[in-house]
Amino acid sequence: MLVTGATGFLGKHLVNGAATADWELIAPGSGSMDIRARDSTITTIRDWKPNVVVHLAYRKDRPTIVDGSRHVAEGAAAAGAHLVHMSTDVVFGGRAAPYTEADQPFPIIPYGEHKLDAERAVASAHPTAAIVRTSLLYGTDRPSPAQVELAAALRSPAARRGMTFFTDEFRCPAHADDVARAVADLAGRPDVVGPIHVAGPERVSRAQFASLMARHLGADAHLIPTGTIAESGQVRPANVVLDVSKAARLGITCRPVTAVLGSTV
Ligand SMILES: NC(=O)c1ccc[n+]([C@@H]2O[C@H](COP(=O)([O-])OP(=O)(O)OC[C@H]3O[C@@H](n4cnc5c(N)ncnc54)[C@H](OP(=O)(O)O)[C@@H]3O)[C@@H](O)[C@H]2O)c1
């Protein structure tokens, strides 16, 4: 299995976790395989001859997300490898009903637009790729960058200034270990093609999620600055719930965030 972005938050959960214990792993870093460079990315992947490529690498810019994903998909296709590509729930813009894989994506933020364009580039270059859409990721042994930032904010009023956790923005958080397990599972199932939703079964607001993480850290959740999207004047996907029944039929599930972080919403 060749993994891009192995040094990132999800990548560490994948390559260091139990999910890939039986896999022989190849993890070229951004120093040796910068995915924005087409020829060297395709050559590197083809030369390693992996059975499967898991593409997690990203940076929040269009060349990395869209061009980089296309290059990785072209490399996987050239190597004859299966491809598991990582995407996001915010390819959707938010609505009352959960989104299934059959729903037409409609992003309303630039990151979602880039990730949707990446999905389309991947599907074109590698038509049998699995495209995993997930929601907000968190960790327990290894906290996410957002959790580290929250912990700092809970310690310092200065760090809290300018921070707002929305009470009206809802998502379905997933533990990175669960998503890593799902990705490794899908790496061994080349018959699963196209989008597949892998997210937590619980819908919580950003403010509730922050509160759960704070309590898990043993911090005072009342210190969390909250507000609404409307007050902020921002355009954000307010309610993105992924229907995860396709994954569940394959035995792929994520634990409820309240069960993992040990509290009730
Ligand atoms: N974290 C979330 O809450 C979340 C939610 C939904 C979807 N996702 C998706 O999950 C995937 C992984 O996210 P993450 O949070 O684990 O990301 P991350 O922690 O930011 O890690 C990004 C990884 O990509 C690598 N990378 C960046 N630019 C690169 C380049 N040009 N060439 C090669 N490698 C490059 C980084 O390596 P260097 O450090 O060496 O640059 C790092 O290993 C992404 O596709 C993301 O869109 C994440």
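Order of appearance sets the numbers: ligands from 1, and atoms from 1 within every ligand. Scope of the values below: all heavy atoms of this structure, side chains included, with no hydrogens, waters or symmetry mates.
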Protein residue, atom and distance nearest to atom 41 (O) of ligand 1, heavy-atom basis: Arg59 NH2, 2.8 Å
Region of Pro145 that comes within reach of ligand 1 [heavy atoms, distance under 4.0 Å]: neither
Please report the shortest heavy-atom distance between Ala207 and Thr167, naming the atom on each side. CB-CG2, 3.9 Å
Are any of the N or O atoms of Gly29 closer than 3.5 Å to those of ligand 1? no
Looking only at protein heavy atoms, identify the closest one to atom 16 (O) of ligand 1 and say how far it is in Å. Leu10 N, 2.8 Å
Using a 4.0 Å cut-off to any heavy atom of Met33, which atoms of ligand 1 qualify? 32 (N), 33 (C)
Could you tell me whether some N/O pair between Lys115 and ligand 1 is separated by less than 3.5 angstrom? yes
Any luck finding a side-chain donor-acceptor pair between Arg203 and Asn239 under 3.5 Å? yes
I'd like to know whether His197 forms a ring-ring contact (aromatic ring centres under 6.0 Å, His included) with Tyr99, so could you lay out the CA-CA distance, the side-chain angles of the two residues, the decisive distance to 0.1 Å, and finally the verdict. CA-CA 9 Å; His197 295 172; Tyr99 289 99; 7.9 Å; no
Verify whether one side chain among Arg215 and Ser211 offers a donor that lies under 3.5 Å from an acceptor in the other. yes
for atom 17 (O) of ligand 1, nearest protein heavy atom and its distance come out as Tyr58 CE2, 3.3 Å
Considering non-hydrogen atoms only, spot the tightest contact between Ala76 and Val53 and give its length. CB-CG2, 3.8 Å
Please report the shortest heavy-atom distance between Leu14 and Thr20, naming the atom on each side. O-OG1, 2.6 Å
Got the closest protein heavy atom to atom 3 (O) of ligand 1, with its distance? Leu137 N, 3.0 Å
Which residue holds the protein heavy atom closest to atom 36 (C) of ligand 1, what is that atom called, and what is the gap in Å? Thr7 OG1, 4.1 Å
Tell me: protein heavy atom nearest atom 8 (N) of ligand 1, and distance? Tyr111 OH, 4.0 Å
Centroid-centroid under 6.0 Å between Phe209 and Tyr138 rings: yes
Close approach of Ser135 to ligand 1, heavy atoms, under 4.0 angstrom: yes
Taking atom types as modelled, find out whether Glu169 and Ser205 have a side-chain donor-acceptor pair closer than 3.5 angstrom. no
What is the nearest protein non-hydrogen atom to atom 31 (N) of ligand 1, stated with its residue, atom name and distance? Asp34 OD1, 2.9 Å
Atoms of ligand 1 under 4.0 Å from any heavy atom of Arg36, numbered from 1 in the order shown, are 31 (N)
Enumerate the atoms of ligand 1 whose separation from the nearest heavy atom of Thr134 is less than 4.0 angstrom. 6 (C), 7 (C)
Identify, by atom number and element, the atoms of ligand 1 in contact range of Ser87, meaning under 4.0 Å from any of its heavy atoms. 7 (C)
Where does Ser144 meet ligand 1, judged by heavy-atom distances below 4.0 Å: at the side chain, the backbone, both, or neither? neither
Please work out which of Ser69, Ala176, Ala37, Ser30 has its closest non-hydrogen atom nearest to atom 34 (N) of ligand 1. Ser30
In terms of heavy-atom contacts, does CH2 of Trp23 have more than 12 from other residues, nucleotides or ligands at under 6.0 Å? yes
Asp191 atom CG: more than 12 heavy-atom contacts under 6.0 Å: yes
In terms of side-chain heavy atoms, does Asp47 have a donor or acceptor partner in Thr44 at a distance below 3.5 Å? no
Decide whether His55 and Ser69 meet the rule of one side-chain donor and one side-chain acceptor closer than 3.5 Å. yes
re atom 9 (C) of ligand 1, the protein heavy-atom contact at minimum distance is Met86 CG, 3.8 Å
Which of the atoms in ligand 1, numbered in the order shown and given with their element, are less than 4.0 Å from a heavy-atom of Ala57? 24 (O), 25 (C), 26 (N), 34 (N), 35 (C)
For Leu56, the atoms of ligand 1 under 4.0 Å from one of its heavy atoms are 11 (C), 12 (C), 44 (C), 45 (O)
